[in-house]
Number of protein chains: 2
Amino acid sequence: MPSDQQSEHSDQVVDELDARLLLLLTDEPRLGVLECSRRLGVARGTVQARLDRLVERGVLTGFPPALDLGAMGFGLTAFAVVEIAQGRRAEVCDGLAAIPEVCEVHATTGQGDLFVRVVARSNSDLQRVVDHIVDVPHVRRLSTSIALSTPVPPRVRPLLERVKGRPPK
Amino acid sequence: MPSDQQSEHSDQVVDELDARLLLLLTDEPRLGVLECSRRLGVARGTVQARLDRLVERGVLTGFPPALDLGAMGFGLTAFAVVEIAQGRRAEVCDGLAAIPEVCEVHATTGQGDLFVRVVARSNSDLQRVVDHIVDVPHVRRLSTSIALSTPVPPRVRPLLERVKGRPPK
DNA sequence: ATTTCTCAGGACAATTTGTATAGTGATCTA
DNA sequence: TAGATCACTATACAAATTGTCCTGAGAAAT
């Protein structure tokens, strides 16, 4: 069959059942395989197989504990755009990675810049962290902005819901 | 016979044992309470109590499934700084939240008003998503930069390790 | 027509969880 | 200083879950 779009498999990484399963686990992550099978109305072996496959494909990478940094005392989140010396990205990233308060670093288009998410206990603590970043060799310029609120917290749900709603075409 | 030495409880939200437990769960999230107690060398009841308390305090919010968006077909991540009309943040955020590809929104200090993380399947798909964002009422200006790489993926580990290393004092 | 997959359904032993209870040392309080 | 508390260890037991392995049916691919 000549076809750029298969019947049900091949190009669909996550099908409807997968999406429903992931959605279920998103809402109640502690559910066991057995309970999932009950909720989804399928056999336990099926759920088990689905999970295994998702892990195999690298879609599902695990169930890490979600920690609320705010509750841990790090009430401040800030984003920093870092300009660095040309060709020094690796070193700078290493330097940034050594700072515990640096929770995430991305290299972005623009001007070979880095985008950094940091947390801190207070404004003065943020000052300290920012100073640390500036002290990293080859960091040229740093522009920081503080997160005042987070209207949309990190989420994946809508993407899954779309898969669930629109089965493979 | 227990070798206790602890004495502080007041301002320490997460003590060393908590940190070790969370670190353990970070590395192997699927471990059960029993296994954790074995690894940590404490009684099962203790682990259970610690987990309960961490949840109670809001530090541990759950074990959501970690999904690799890349493996799901969303290989592109981009950050957008959005400038909006004064006093329209709520509406704009609602509009953004309605777009599945919008995975995170923060209101920030500084020039841009909102900071948005989006994912897309390809460059042209990103175009589509960006167009969607621009179409949200009251969005004035949008500046997007694509994430080329992620030298430091989202992490909390270092923060926990510091607690573990430096017991309350 | 035949092979290959996926999924439902069931079975079983071993392990884990949910709950309790009791004892001990240390800290807090009046 | 004498309780009262608190955190943790150590156990105990029933109920539920997990890890596996099998069988059979239906759909898709060859």
Side-chain angles (χ1 to χ4, degrees), chain A residues 1-25 27-60 62-65 71-72 163-164 167-169, chain B residues 1-25 27-60 62-65 71-72 163-164 167-169:
Chain A
M1 295 273 154
S3 58
D4 24 41
Q5 54 201 254
Q6 253 59 37
S7 35
E8 302 270 341
H9 292 291
S10 333
D11 68 339
Q12 194 70 23
V13 184
V14 173
D15 70 5
E16 188 183 333
L17 181 55
D18 288 326
R20 284 203 298 140
L21 175 57
L22 291 175
L23 235 18
L24 181 59
L25 286 172
D27 294 334
E28 300 180 64
R30 268 329 217 185
L31 290 186
V33 178
L34 184 57
E35 185 56 26
C36 286
S37 72
R38 278 195 281 257
R39 307 270 185 108
L40 297 175
V42 300
R44 179 164 67 115
T46 302
V47 172
Q48 220 137 31
R50 290 310 186 112
L51 284 178
D52 289 346
R53 252 191 309 156
L54 286 171
V55 171
E56 226 176 316
R57 291 175 187 163
V59 174
L60 177 59
F63 293 78
M72 284 175 65
V163 173
K164 172 181 154 198
K169 58 167 176 185
Chain B
M1 59 175 65
S3 49
D4 243 64
Q5 73 301 350
Q6 180 117 24
S7 59
E8 294 296 330
H9 267 294
S10 25
D11 64 342
Q12 194 69 23
V13 185
V14 173
D15 71 4
E16 186 183 334
L17 181 56
D18 288 327
R20 285 203 296 142
L21 175 57
L22 291 175
L23 236 18
L24 181 60
L25 285 171
D27 294 334
E28 301 180 63
R30 270 326 219 185
L31 290 186
V33 178
L34 185 57
E35 185 56 27
C36 286
S37 72
R38 279 195 280 258
R39 306 269 185 109
L40 297 175
V42 300
R44 177 162 69 114
T46 302
V47 172
Q48 219 137 33
R50 290 306 187 117
L51 283 177
D52 289 346
R53 253 190 308 158
L54 286 170
V55 171
E56 225 177 319
R57 291 175 186 163
V59 174
L60 177 59
F63 293 79
M72 283 175 65
V163 174
K164 173 180 154 198
K169 106 99 161 270

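Residue numbers start from 1 in every chain, and the chains themselves are labelled A, B, ... in the order their sequence lines are given, proteins ahead of strands.
- Atom C1' of nucleotide C/dC7 and atom CD of A/Glu16 are separated by 15 Å, given to the nearest angstrom.
- The line from CZ of B/Arg50 to CG of B/Asp15 is 4.0 Å long, rounded to the nearest 0.5 Å.
- B/Leu40 CG to B/Leu21 CG: the interatomic distance, rounded to the nearest 0.5 Å, is 5.5 Å.
- A/Asp52 has its CG atom 13 Å from the P atom of D/dT18, to the nearest Å.
- Look at CZ on A/Arg30: it is 11 Å from P on D/dT18, rounded to the nearest Å.
- Contact check for A/Glu28 versus A/Arg39: side-chain heavy atoms found under the 4.5 Å cut-off.
- Rounded to whole angstrom, the span from the CG atom of A/Leu17 across to the C1' atom of C/dT6 amounts to 11 Å.
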Next on the checklist: I'd like to compare against my own output: the B/S/- annotation of nucleotides 16-23 of chain C with a strict under-4.0 Å heavy-atom distance to protein.
Outcome noted: SBBB----
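- In this structure, A/Asp15 atom CG and D/dA27 atom C1' are separated by 15 Å, rounded to whole Å.
- The only option from A/Asp18, A/Leu17, A/Leu23 that meets the side-chain contact (heavy atoms from CB on, under 4.5 Å) definition with A/Arg20 turns out to be A/Leu17.
- Here the straight-line distance linking atom CZ of A/Arg38 with atom CG of A/Leu24 works out to 12.0 Å at 0.5 Å rounding.
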Next on the checklist: For a salt bridge (Lys or Arg N to Asp or Glu O under 4.0 Å) check, start with the C-alpha distance between A/Glu56 and A/Arg53, then their side-chain angles and the critical distance, and finish with the verdict.
Outcome noted: CA-CA 5 Å; A/Glu56 226 176 316; A/Arg53 252 191 309 156; over 6 Å; no
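- The nearest whole Å value for the distance from the CG atom in A/Leu40 to the P atom in C/dC7 is 12 Å.
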